[in-house]
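Lettering follows sequence order; numbering is per chain, from 1. Side chains are part of it too, since the values below use all heavy atoms of this structure and drop only hydrogens, waters and symmetry mates.
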Protein chains: 2
Amino acid sequence: MQKVTMADVAKLANVSKSTVSQYLNKRYEYMSEETRRRIAGAIEQLQYRPNVIARSLKQKSTATIGVIVFNILHMLTTQVLRAIEDMCQQHDFHVIVCNTDDDPEKEKKYIDMLWAKQVDGFIIFPTGKNVDLYKRMIEARLPVVFVDRTVEGIDVDAVLLDNERAVQLGMHYLIEQGYKHIGLVAPPFAPHVIPRTERINAFRYALREANLPIKEEWIITEQVKHISGRLDALLQRNKLPEAIFAINDLTLMEVLTFVKRRQLTIPHDIALISIDDVPFASIYTPSLTTIAQPAFEMGEKATERLFMQMGGEISPQMFRLAPKLIERDSAKKRGDKGE
Amino acid sequence: MQKVTMADVAKLANVSKSTVSQYLNKRYEYMSEETRRRIAGAIEQLQYRPNVIARSLKQKSTATIGVIVFNILHMLTTQVLRAIEDMCQQHDFHVIVCNTDDDPEKEKKYIDMLWAKQVDGFIIFPTGKNVDLYKRMIEARLPVVFVDRTVEGIDVDAVLLDNERAVQLGMHYLIEQGYKHIGLVAPPFAPHVIPRTERINAFRYALREANLPIKEEWIITEQVKHISGRLDALLQRNKLPEAIFAINDLTLMEVLTFVKRRQLTIPHDIALISIDDVPFASIYTPSLTTIAQPAFEMGEKATERLFMQMGGEISPQMFRLAPKLIERDSAKKRGDKGE
DNA sequence: TTGTAGGCGTTATCAT
DNA sequence: ATGATAACGCCTACAA
């Protein structure tokens, strides 16, 4: 596979390995034009490619970072990842991507392996369950940035959506449009899933703040596949809320499935707003009002912090990035025609 | 960062480095229970982590592959990538992901860098423009698999959609449903973009085969952002085809934008079928008939071949994976109500 | 059953 | 200006 080494180049160019090394590292200062030319020739002729692994061993740096995510198939993840890769590309760094499926065991294994592989840093969407391991990473002064979730008791850079604000934006909008009976759909409550928890809490808070009723049957926190069934049940009993807040794209899809199956009209029969600006939001009928996460900014911020950590000690900080309400037609005022 | 080495463990356990090495590589056979225990203890106590880089240097294998794609944001890419990562996970391999944006320069740079990094293999969505480089990789016996596109004159494993079949499936379906005036929307023609070329050709072929008219104004190969404008122009002149075949998700979106803006009804005013099973296909109204690419299978096949290459010489092959028509409502028979 | 010595392909130090 | 030599951390004969 890889056969020709620096020694071969040196021999062919009639110089020592050290000189070749100098050349490769562009320390031309004391090098004669002549030598330089001979080395260049030899490299070309032999199709020599320096072995970065050997260099890494010596220099203790691999120019590689590990990115550990739940599932690359989620749009947020993909976008964050794209931003990370773009920034790494500029620094001639590479990105190793790992999917955990939110399984702490897999997460642990990946962190251990990447650590052993001497990656220069980690960007992690943490499961939150490997507290000891996270701590050890910090102690070892490994550069680490968390994205999407934080973990209690871990003092580390974290880049998160401002979930309170996201919900507030959506709720204020709905209320402003005249909706009073508002429901929420979310996956099952799980305390370590920060965004979910924060969103559900903020939802309750927004209702309380506006003196609107909090009906528990309208707060659907349920496995995604059961959500549309729950909505069916409400419809059956004529107890649908006027508007629904979907806390992410997955739950939004379930609501839309339900709406289609029941042939309801949005926003007349039920208004809809969601976090995550799905790609079809503007071509759906009616177009969907959404609260967009600044995914690229999140990726950029995370990478920026990681490089700062690699550059030297900095004290950990938490960043809350601002969501953006994109008004379309799915939650227009009651009575307005949707479109 | 990483301070404790095998020597430290050896010293603490009162054995030699080789013994520790034996232990790490699970060659326990001739090792006393006692020694084993001492080593385990030392490792635990020192929180020792073997340095995989050093190991790689010796063993000439990094257990890492490079995956070079156009853009991870494309759904097909994401899904293929997920499949690749899953399979690599089973083999304790890692995946480095690189975005080229279809820029040959970036592609070249990535291949060079990953090669220097001694990755054990490549899975590439090739731009097709670095022919010399591809050839050198093959000559160097680097394991390589192409996905989505092949490159003329490069003898290498390739995993592609059966594009002819995909178009045929869609066209037969449309024709069977009674459509005779059928148009196509695609990004601009570019010979090296295999899927696009094959799909456009197959489209013409299907019309010819069915003795249907080929109207050039219905074959829209245009920058995506101009597509809906072109459709507008046709509508203006009352020259819309009865049905449109969108060759991918991007062009589909443009058609849907047009349809929404003009308030047309699918399939009554215009029927629609597309390659790529977009996530909202079933919740759109009407639900969208699509031709799905077997993205996961493509990723699995590519990875399988890559591992086979790493296992030993095999002769390159081209794989054409079968698309699948998913019938929904957007191209139902003329006259039928579209649910 | 365990230890010694050399090598993997670079880089860094110090001579020359 | 260039070269010799010793690391880097691990693996592998081979020796003991």
Side-chain angles (χ1 to χ4, degrees), chain A residues 1-43 46-64 113 115-120 140, chain B residues 1-43 46-64 113 115-120 140:
Chain A
M1 205 90 48
Q2 158 95 15
K3 312 208 66 167
V4 17
T5 139
M6 220 167 68
D8 301 318
V9 176
K11 202 180 302 168
L12 183 63
N14 246 306
V15 293
S16 77
K17 290 194 302 172
S18 345
T19 311
V20 178
S21 178
Q22 304 278 97
Y23 173 87
L24 288 173
N25 294 289
K26 312 213 187 294
R27 304 209 61 69
Y28 300 133
E29 302 152 25
Y30 305 103
M31 205 173 299
S32 73
E33 188 59 23
E34 164 62 10
T35 324
R36 194 157 31 176
R37 222 189 301 283
R38 280 214 316 282
I39 296 179
I43 287 179
L46 297 174
Q47 285 281 327
Y48 165 69
R49 298 169 177 278
N51 181 330
V52 177
I53 291 293
R55 184 210 254 101
S56 295
L57 180 58
K58 189 76 199 181
Q59 297 189 156
K60 278 126 172 35
S61 132
T62 52
T64 304
M113 290 181 71
W115 194 343
K117 249 179 194 164
Q118 315 293 114
V119 297
D120 294 336
Chain B
M1 206 92 48
Q2 160 95 14
K3 315 208 64 167
V4 17
T5 141
M6 220 167 70
D8 301 318
V9 177
K11 201 180 303 167
L12 183 63
N14 247 307
V15 294
S16 78
K17 290 196 302 173
S18 7
T19 311
V20 177
S21 178
Q22 304 277 109
Y23 173 86
L24 288 174
N25 295 289
K26 312 213 187 290
R27 305 206 60 70
Y28 302 132
E29 303 150 23
Y30 305 102
M31 205 174 298
S32 71
E33 186 59 22
E34 164 61 10
T35 321
R36 194 158 31 176
R37 222 189 301 282
R38 280 217 314 283
I39 297 180
I43 288 180
L46 296 173
Q47 285 281 323
Y48 166 70
R49 298 169 176 276
N51 180 331
V52 177
I53 290 292
R55 193 228 251 43
S56 296
L57 181 57
K58 185 77 198 181
Q59 298 191 155
K60 278 124 173 36
S61 135
T62 52
T64 304
M113 291 180 70
W115 195 342
K117 248 177 195 168
Q118 314 294 111
V119 297
D120 294 336

Trainee: For A:Leu24 and C:dA12, what is the distance between atoms CG and P respectively, to the nearest whole Å?
Mentor: 12 Å

Trainee: Hey, mind stepping through B:Leu46 and B:Lys11 against side chain to side chain contact (heavy atoms under 4.5 Å, CB included) and telling me if it holds?
Mentor: CA-CA 11 Å; B:Leu46 296 173; B:Lys11 201 180 303 167; over 6 Å; no

Trainee: Specify the separation, in whole Å, of atom CZ of B:Arg49 and atom P of D:dC8.
Mentor: 21 Å

Trainee: Give me the one residue out of A:Asp8, A:Val9, A:Ile39 that meets side chain to side chain contact (heavy atoms under 4.5 Å, CB included) with A:Tyr48.
Mentor: A:Val9

Trainee: B:Leu57 and A:Ala54: which non-hydrogen atoms are nearest, and at how many Å?
Mentor: CD1-CB, 3.7 Å

Trainee: Rounded to 10°, tell me the angle between the two end axes of the helix from C:dT1-D:dA16 to C:dT16-D:dA1, each built from five pairs.
Mentor: 40°

Trainee: Nearest 0.5 Å, please: how far is CD1 in B:Ile53 from CD in A:Gln59?
Mentor: 12.0 Å

Trainee: Please report the interatomic distance CZ(A:Arg36) to OG(A:Ser32), rounded to the nearest 0.5 Å.
Mentor: 8.0 Å

Trainee: Once you round it to whole Å, what is the distance between C1' of D:dC10 and CD1 of A:Ile53?
Mentor: 13 Å

Trainee: Is the phosphate of D:dC10, meaning OP1 or OP2, less than 4.0 Å from a side-chain N or O of B:Tyr48?
Mentor: yes

Trainee: Would you kindly give the CZ-to-C1' distance between B:Arg38 and C:dT2, to the nearest whole Å?
Mentor: 11 Å

Trainee: Please round to the nearest 0.5 Å and tell me the distance separating atom OG1 of B:Thr62 and atom NZ of B:Lys117.
Mentor: 10.5 Å

Trainee: Measure from the side chain of B:Thr35, starting at C-beta and using heavy atoms only, and say which of C:dT2, D:dG9, C:dT10 lies closest.
Mentor: C:dT2

Trainee: Distance check, rounded to the nearest 0.5 Å: A:Met6 atom CE versus A:Ile43 atom CD1?
Mentor: 10.0 Å

Trainee: How long is the gap from OG1 on A:Thr19 to CZ on A:Arg38, to the nearest 0.5 Å?
Mentor: 9.5 Å

Trainee: What's A:Ser56 touching, base or sugar-phosphate or nothing? Going by heavy atoms closer than 4.0 Å.
Mentor: nothing

Trainee: Roughly how many Å is it from CD1 in B:Ile43 to P in D:dC10, rounded to a whole number?
Mentor: 10 Å

Trainee: Please report, rounded to the nearest Å, how far the C1' atom of D:dC11 is from the CE atom of B:Met6.
Mentor: 7 Å

Trainee: Does a side-chain N or O of B:Ser21 approach OP1 or OP2 of D:dC11 to a distance below 4.0 Å, or not?
Mentor: yes

Trainee: Categorize B:Met31 for me: base, sugar-phosphate, or nothing, with a 4.0 angstrom heavy-atom threshold over every strand shown.
Mentor: sugar-phosphate

Trainee: Establish, with yes or no, whether the OP1 or OP2 oxygen of D:dC10 is under 4.0 angstrom from a side-chain nitrogen or oxygen of B:Thr5.
Mentor: yes

Trainee: So which one's nearest nucleotide on DNA chain C is more toward 5', B:Arg36 or A:Val52?
Mentor: B:Arg36

Trainee: B:Asp8 has an atom CG; how far is it from atom C1' of D:dC10, in whole Å?
Mentor: 13 Å

Trainee: Show the nearest heavy-atom pair for residues B:Ser16 and B:Ala10, with the distance to one decimal.
Mentor: C-CB, 3.7 Å

Trainee: Reading nucleotides 3-8 of chain C from the 5' end, what letters show protein touch, with B for base, S for backbone sugar-phosphate only, - for no heavy atom under 4.0 Å?
Mentor: BB-BBB

Trainee: Would A:Gln118 and B:Asn51 count as a side chain to side chain contact (heavy atoms under 4.5 Å, CB included) here? Give the steps.
Mentor: CA-CA 7 Å; A:Gln118 315 293 114; B:Asn51 180 331; 3.5 Å; yes

Trainee: Whole angstrom is fine here: how far is it from NZ in A:Lys11 over to P in D:dA4?
Mentor: 13 Å

Trainee: Examine D:dC8: is either OP1 or OP2 under 4.0 Å from a nitrogen or oxygen in the side chain of B:Asn51? Give yes or no.
Mentor: no

